[in-house]
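Below is one structure, written out as structure tokens; the observations come after it.
Every chain is numbered from 1, with letters handed out A, B, ... down the list of sequences.
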Amino acid sequence: MTTIEQYGKFDTAWCPGCGNFGILNALKQALVACDLAPHQVLLVSGIGQAAKTPHYLNANVFNGLHGRGLPAATGAKLANSELTVIAESGDGCMYGEGGNHFLAALRRNLDITILVHDNQVYGLTKGQASPTSDQGFVTKTQPHGAPSAAFNPVAVAVAMGTSFVARGFAGIPDQLADLIAQAIRHRGTALVDILQPCVSFNPVNTFKWYKDRCYELPAEYDPTDRDVARRTAAEFGERIPLGVLYRHDKPLFEEHFDALKQGPLHRQEVSRTAFRQVLEQYR
Amino acid sequence: MTTIEQYGKFDTAWCPGCGNFGILNALKQALVACDLAPHQVLLVSGIGQAAKTPHYLNANVFNGLHGRGLPAATGAKLANSELTVIAESGDGCMYGEGGNHFLAALRRNLDITILVHDNQVYGLTKGQASPTSDQGFVTKTQPHGAPSAAFNPVAVAVAMGTSFVARGFAGIPDQLADLIAQAIRHRGTALVDILQPCVSFNPVNTFKWYKDRCYELPAEYDPTDRDVARRTAAEFGERIPLGVLYRHDKPLFEEHFDALKQGPLHRQEVSRTAFRQVLEQYR
Amino acid sequence: MPQDINIVIGGEAGQGLVTIGQLLSKALVRAGYEILITQSYHSRIRGGHNTFAIRTGTVPFHGPRDTIELLVALNAETVALHQGELASQGLIIADAAFAPDSAAAVAVPFKELGPEKFWNTAALGLIGNLLGLPADLLFAGVEATLGKKHPEALAINREVLDHGYQWAATRITARHFTLAGGIAGGNRLMLHGNEAIALGALAGGVKFCAFYPMTPSTSVVLSLIAHADLMGCVIEQAEDEIAAINMAIGAAFAGAPSMVATSGGGYALMTEGVSLAGMTETPVLLVVAQRPGPATGLPTRTEQGDLDFVLHGGHGEFPRAIFAPGDLEACYRLTQRALATAERYQTPVFLLTDQFLADSSRAIAPFDPEQIAPVKAGADPASAKAPYRRYAITENGISPRLLPGVSEHLVVADSDEHYEDGHITEEQPVRIAMVEKRLRKFAGMKEEVLAPQHEGTPDAELLLVCWGSTKGPVLEAAAILREQGKKVATLHFAQVWPLIPEQFLDLLGSASKVVCIEGNATGQFARLLRRESGFALPHRVLRYDGLPFTAQYIIDQLGQVPAQGENP
Amino acid sequence: MPQDINIVIGGEAGQGLVTIGQLLSKALVRAGYEILITQSYHSRIRGGHNTFAIRTGTVPFHGPRDTIELLVALNAETVALHQGELASQGLIIADAAFAPDSAAAVAVPFKELGPEKFWNTAALGLIGNLLGLPADLLFAGVEATLGKKHPEALAINREVLDHGYQWAATRITARHFTLAGGIAGGNRLMLHGNEAIALGALAGGVKFCAFYPMTPSTSVVLSLIAHADLMGCVIEQAEDEIAAINMAIGAAFAGAPSMVATSGGGYALMTEGVSLAGMTETPVLLVVAQRPGPATGLPTRTEQGDLDFVLHGGHGEFPRAIFAPGDLEACYRLTQRALATAERYQTPVFLLTDQFLADSSRAIAPFDPEQIAPVKAGADPASAKAPYRRYAITENGISPRLLPGVSEHLVVADSDEHYEDGHITEEQPVRIAMVEKRLRKFAGMKEEVLAPQHEGTPDAELLLVCWGSTKGPVLEAAAILREQGKKVATLHFAQVWPLIPEQFLDLLGSASKVVCIEGNATGQFARLLRRESGFALPHRVLRYDGLPFTAQYIIDQLGQVPAQGENP
Ligand SMILES: Cc1ncc(C[n+]2csc(CCOP(=O)(O)OP(=O)(O)O)c2C)c(N)n1
Ligand SMILES: Cc1ncc(C[n+]2csc(CCOP(=O)(O)OP(=O)(O)O)c2C)c(N)n1
Ligand code: SF4
Ligand code: SF4
Ligand SMILES: [Mg+2]
Ligand SMILES: [Mg+2]
């Protein structure tokens, strides 16, 4: 049995009061709930405040480029599908710089988990609008307010038929831990968009702002009904639904590759016999 | 009055029988219907077979990089909002390499038109799967069939609240010309995804395949009902709806910039008085 | 009356040290002193160890200094980290709670001076007093910053400021650092490098900028945004750097003098666009503010490690120019020159800076708004013959550039190889003509290259070669060495591409020893000089720990420069 | 009995000229002849003017030739464009409808030989006869290609082939090109450069490749995909090139020897990832197949214009190696070497080719499957001490690389500067140690550099320097000049970075005249040689029209090489 202690305690570079702390704890809880030992887990992140998370618990870590966590996670999972791969980063990283990879990852349906710390702002670079910033959100770089419509990641994910789509809130860590655990256990690409107050750069979408709006999906909510999911995922404003918005099974991307039936690539020797057959084809 | 002759006739580098010819004609018809003279129009494209279109009619042209037509179009429109800017390219260019710009453009709502020649394949590079290829579509690079789910651009566009979303078919050029004309006239970002048979590399989604499946949205269809639009846009398979799927008005991105109230940027002199005031702020 | 006082305020991010530093700097400038601000911060929002260093006095400063006269410690870590750098007459100002047990320490009972929220203001009063600045002058800054937003807090701030001021006057009797009378009026501008670049861009006629935030370039754009409405500019935060450069190219094509600003990793993403600008012959300015790599590296520190990449980024061959300003005035001047060069030669042009230059502030003589010569995009359509050919082959390689939509002439730009009219071709003779046309522009650019700036006698025993922001510390090091009786000269390159060997080969040849000083680990500029001029520079002083050069660092290293082999 | 016959088949894309060319080549190889295929095509799917050239005979060929013995024109345009290149004994084979009025023309009444759909087969029979190939051998190829898919069409194909064969036998009496007896058995492999690279990659242990299609690199990946199931590889078409390189890095981190393949514009998008591989010390192979730029340029043509960019792409400083194979054998061999170098030094390594090498085929002696030595990723976890430190400082700079998930040791890789354990730091001493550690790996790489290949006497009157695919034409030009009595030597670099001056400086110095021959407009390799060795190479033969070098082109240009100044 894995214990939470195995995941360790680390100093962080986050601001006191930041929503990231709640997410970090929920992640550890979820990993323990899934009974995963640190060395079975690979955390892949980009760059940003959220993207520092993997440095604050024991696990294998690939902390790559801003916006490019998902492709690195994809490559790692394809190379070794025995790893539990979690791609974790901020809203800017995943939906801004990394938007194209987000779309591609949802289309692929690899068995990975995507955790997005969604503080609706660029934290590390000191407070510019992010794709999820509310339209009109005022910052130093958007003094007239963010000019674009906010990106609704869960609505797009449902529209794309993603196999697991959920939204959590850093301020309700138990539910969040449960959502993350469900996402990890889910066979296929699982997105958890996590509302995360940024106390330094987002004076609008505060803990209270979220608390006032968030509601848990009722027990009778059927996450397999796509029509309902589409409508529910579109909700973001006066009311914000939390929970598993949409879920369905579809074939795993991994199943597509003959080579992966033999397990992780690093264990597969190059066969001279096979290579001889390959050469024959050029005769 | 603009005539179709003003748009000229050019030799093309396309294969005989390609769906691109129908789209080129429809585009010319639409420009004439909108009474736009060639010099009022700027066509911006990426790279691919579709992206060659701007070379085959008289207009201003910026033929940029593969996948990067939309940002160039965005810059050009912001610099000179008097130009009628049309971004035109293939499905690989717009939804593949350019996926992140596609998302950002839909969020912005500049007054531009996006025409996508959607042949569900990479034509110019000789037949690899594109984002819109049907899952399982067999090519030389996808011998076991395309492993990812197909991207449904209109479903994502509706989910994102794009202000004008339509689908046309190269094989019904009159309806297509009308859709393009509506898109040009629409105030805001208008997407027309255009089904386009590729006779050289897509043996599955042929003229006949599309003909058998496409149906025109009935007259009573209400494109302003988002719920209906969400469901209708998701349809792609046995039946494929053609027409304006979703339409609503929202503020233009351009309105956000003080400078643009004075017209195109190239006409605005740099004011020494203003610059003096700027310098004052560093005293 | 000391001419050169180094004040270092240290603490965690979020403790407000930048506020104290900026208010103090403003007061010093208003009082007529020279200042040089260097900031050092971690890549985090709160916590970490940050410093705000102000070098002040009556002579202009070009680089930071290692020793400290006045160490203002907002936390114990600052004391521990910087105590060792204290000058012999130096003081440590620290809260009584953690002031060290040292003769140099002044333990301040901040609790007694006011509520904790205002301790920064108390510190400001205290330091101001030590420096001999009038309390009213100090308060004027507080008023200007706070007045509009929090008028209700003005009274208490004044009170606490006075408490700090008084406390210093009465309790710190040992050492004061009263400055000599200020030399310049209150007329000067206080700017950091990125602000100077933004002002240069506005003066140079920039109308469009697209960007994706990236330290240390973001404040160029912040400054542009602050003036966008007044100056009639459009500034757009793009979805990524690829979008930023392509937007800028699209906007430039449509007639807006355009720029982007980024750092190494973002520039990497722009290189395909750089090549596009080269091929479509679209003017665009790229400001690249360097920070230590590879990859994310040290995001908030300084380095000069991207010269090779900026010079060679983008596939295929096309002309470019790279300016590397050495100081604030050059940031302003060369940004304008870069814009003009881009427009004249219709090609990408670079301004290559680094975190040190970007973030460090000085007070400088005001720019003259009457002297600006903003570029105008494009040629007069009336002068064009029909059919208009965007890429007409000309003797100097420059084709008349019309703007789309402005006349009935159609403008066709293409990223493929093209005919003179802009349409795609694969014909060999056209290809050859177009390659040669594009490269002919480079011949013109070479005739306008800024000569490197030489100081000292040509037959020096030691010639220090440098480029970009390293200028200040190198000039200061040379001055110190000259005082020590050495025959030292300096050669500073503010334009690093193209290089014209005739401009400097004699100077390199006539010095007994030549040392190249640059902020990277492989000596990129030294290698480039050899490639272009044949002159080898095996002696190098390099720095790659993320900190800026100082005169002292250079002098120390000069003592021990062996000839170095090539590195990657 | 001629040793060297140049056959050019020309027509529109879609007319099936590649089919005729390939069947003919296969038959020639089976009959024991040497071949060299060079394809020239437009960036379009149908139409345009394309050629498929086969140089064949009894000696190996390394480059294409300009003059033509047998011009097979599938349309009138081909006649018009290539008539002038006909050798004095050359023949033009063309349909009677557009055969020119010339003594060299053979007007073939294709209508009489069979239905239009099978004219290609008729042409094959006809040419085969002219070359003295047995009809059965020609048909064997048709059978192999068509047999499975369209067995019903075999009989008619045989009939038409025989018609063509007979027609030539009876009606073309003037000139036949019967080849001397074949030299090698049917044992050889027929490959183009990209196939040789793919085979080298498989032999070298590649297990993962991500790519985004881009001419002329795509066929590397196509060949990998064709063997992926048999060889146990995962090949994934990524959403863009940025994803491709980051996927490859992620896969390499997790234990799969990984590669990407692209061309200039795609490489531009990968440069940030290259820097990431440098920083995280992840092995990755990048195959960059050059085509003419800037931007989209001439997508289906050849050039060597991206050397500088491949050498300097990626921000910050880290070691890399660049191999530039000169022929098919080197494509196979150096791909394996590149993979091994990447794994050993845990850094990005490049294979730099171009469209000419990528697409041109030859028949070569088979590779020996027993000789392969595939790389194994990572070190044995049993040998690692706890706590495991991914970036442990070592003398040679190489740290033990464990794979994540394989043992209980945690593997932490970071794109920020990091401690030995992989976690973020901004500490100066650690930064310095890490920079120096990474660069120490370069010292090791330098000891393994492939020496350039020298042919001819050291004191030649003319030394031709070249790199990569230019090798063949340069060797051939040298041979021709030697036959003319000139003392000519050649120096070919198959590894262009790092460069070790001791390996070649004497050779450069001892020749009376040195000319650098490369496929770009600015002499990038010549400049690089000067930077690294101090040896200036002002005499250059350059080509930048999109076509490959030929021996004749080089000899013609050598007649008129002035010393050239520097270009951008
Ligand atoms: C290519 C590149 N562009 C820009 C940056 C600068 N950058 C670092 S983090 C960041 C934004 C982070 O925002 P988000 O992903 O929302 O994370 P947060 O800090 O809010 O948790 C940016 C723009 C970078 N490191 N690399
Ligand atoms: C950066 C970059 N990557 C790849 C390519 C190669 N490329 C050119 S067109 C194309 C695909 C075109 O597909 P699509 O956009 O669907 O257009 P189509 O040819 O089907 O009309 C690709 C991959 C390129 N030119 N630039
Ligand atoms: S800046 Fe915002 S997101 Fe970053 S640590 Fe501070 S509160 Fe959290
Ligand atoms: S390849 Fe396909 S898309 Fe391109 S021109 Fe031919 S038929 Fe049209
Ligand atoms: Mg964020
Ligand atoms: Mg397509």
Side-chain angles (χ1 to χ4, degrees), chain C residues 42-43 242 263-265 267-269 271-272 275-276 278-280 292-301 303 305-306 308-309 311-320 415-417 426 428 431-432 435-436 439 442 498 520-522 527-528 530-532 534 536 544-547 566-568, chain D residues 42-43 242 264-265 267-269 271-272 275-276 278-280 292-301 303 305-306 308-309 311-320 415-417 426 428-429 431-432 435-436 439 442 498 520-522 527-528 530-532 534 536 544-547 566-568:
Chain C
H42 276 76
S43 181
I242 303 173
S263 188
Y267 166 68
L269 294 167
T271 52
E272 194 193 12
S275 179
L276 177 67
M279 187 56 145
T280 54
T296 311
L298 297 172
T300 58
R301 310 288 167 173
E303 193 164 280
D306 295 335
D308 275 336
F309 189 27
L311 177 53
H312 298 297
H315 53 298
E317 299 174 298
F318 51 90
R320 76 184 78 198
S415 101
D416 296 271
E417 195 54 278
E426 303 192 20
Q428 270 100 37
R431 163 73 181 172
I432 295 172
V435 168
E436 293 175 355
L439 294 185
F442 193 59
N520 56 53
T522 63
R527 294 194 304 198
L528 182 61
R530 188 185 198 193
R531 187 184 92 176
E532 296 302 310
Y544 42 85
D545 61 357
L547 296 186
E566 294 302 328
N567 269 314
Chain D
H42 275 76
S43 182
I242 304 172
Y267 165 68
L269 294 167
T271 53
E272 194 193 13
S275 180
L276 177 68
M279 186 56 145
T280 55
T296 311
L298 296 172
T300 59
R301 311 286 168 175
E303 193 164 280
D306 296 334
D308 276 335
F309 188 27
L311 177 53
H312 298 297
H315 53 298
E317 299 175 297
F318 51 91
R320 76 183 79 198
S415 101
D416 296 270
E417 196 53 278
E426 302 192 19
Q428 271 101 38
R431 163 72 181 173
I432 294 172
V435 169
E436 293 175 355
L439 295 186
F442 194 60
N520 56 52
T522 63
R527 295 194 302 197
L528 181 62
R530 187 185 199 193
R531 187 183 93 175
E532 296 302 309
Y544 42 85
D545 61 356
L547 296 186
E566 295 301 327
N567 269 315

Partner chain D: residue of [options] with the largest heavy-atom pair count (under 4.5 Å):
{"options": "C:Glu417, C:His315, C:Arg301", "result": "C:His315"}
{"options": "C:Gly278, C:Gly293, C:Gly314", "result": "C:Gly314"}
{"options": "C:Pro299, C:Ser263, C:Ala536, C:Gly534", "result": "C:Gly534"}
{"options": "C:Val435, C:Leu528, C:Leu276", "result": "C:Val435"}

When you measure from the side chain of [X] to the backbone of [Y], do you find a donor-acceptor pair of N or O atoms at a distance under 3.5 Å?
{"X": "D:Asp306", "Y": "C:Gly316", "value": "yes"}
{"X": "D:Arg530", "Y": "C:Arg531", "value": "yes"}
{"X": "C:Thr271", "Y": "C:Gly313", "value": "no"}

Selection from D:Gly297, D:Ala268, D:Gly305 maximising heavy-atom pairs under 4.5 Å formed with chain C: D:Gly297
Spatial distance of atom CG (D:Leu269) from atom CD1 (C:Ile242) [nearest 0.5 Å]: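 Separation between the atoms: 5.0 Å.
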Exercise: do D:Tyr267 and C:Glu272 side chains pair donor with acceptor under 3.5 Å: no
Which atoms of [X] approach chain D - backbone, side chain, both or neither, heavy atom under 4.5 Å:
{"X": "C:Thr300", "result": "side chain"}
{"X": "C:Pro498", "result": "neither"}
{"X": "C:Leu311", "result": "neither"}

Residue that, paired with C:Tyr544, satisfies side chain to side chain donor-acceptor pair (under 3.5 Å) out of D:Glu317, D:Glu436, D:Gln428: D:Glu436
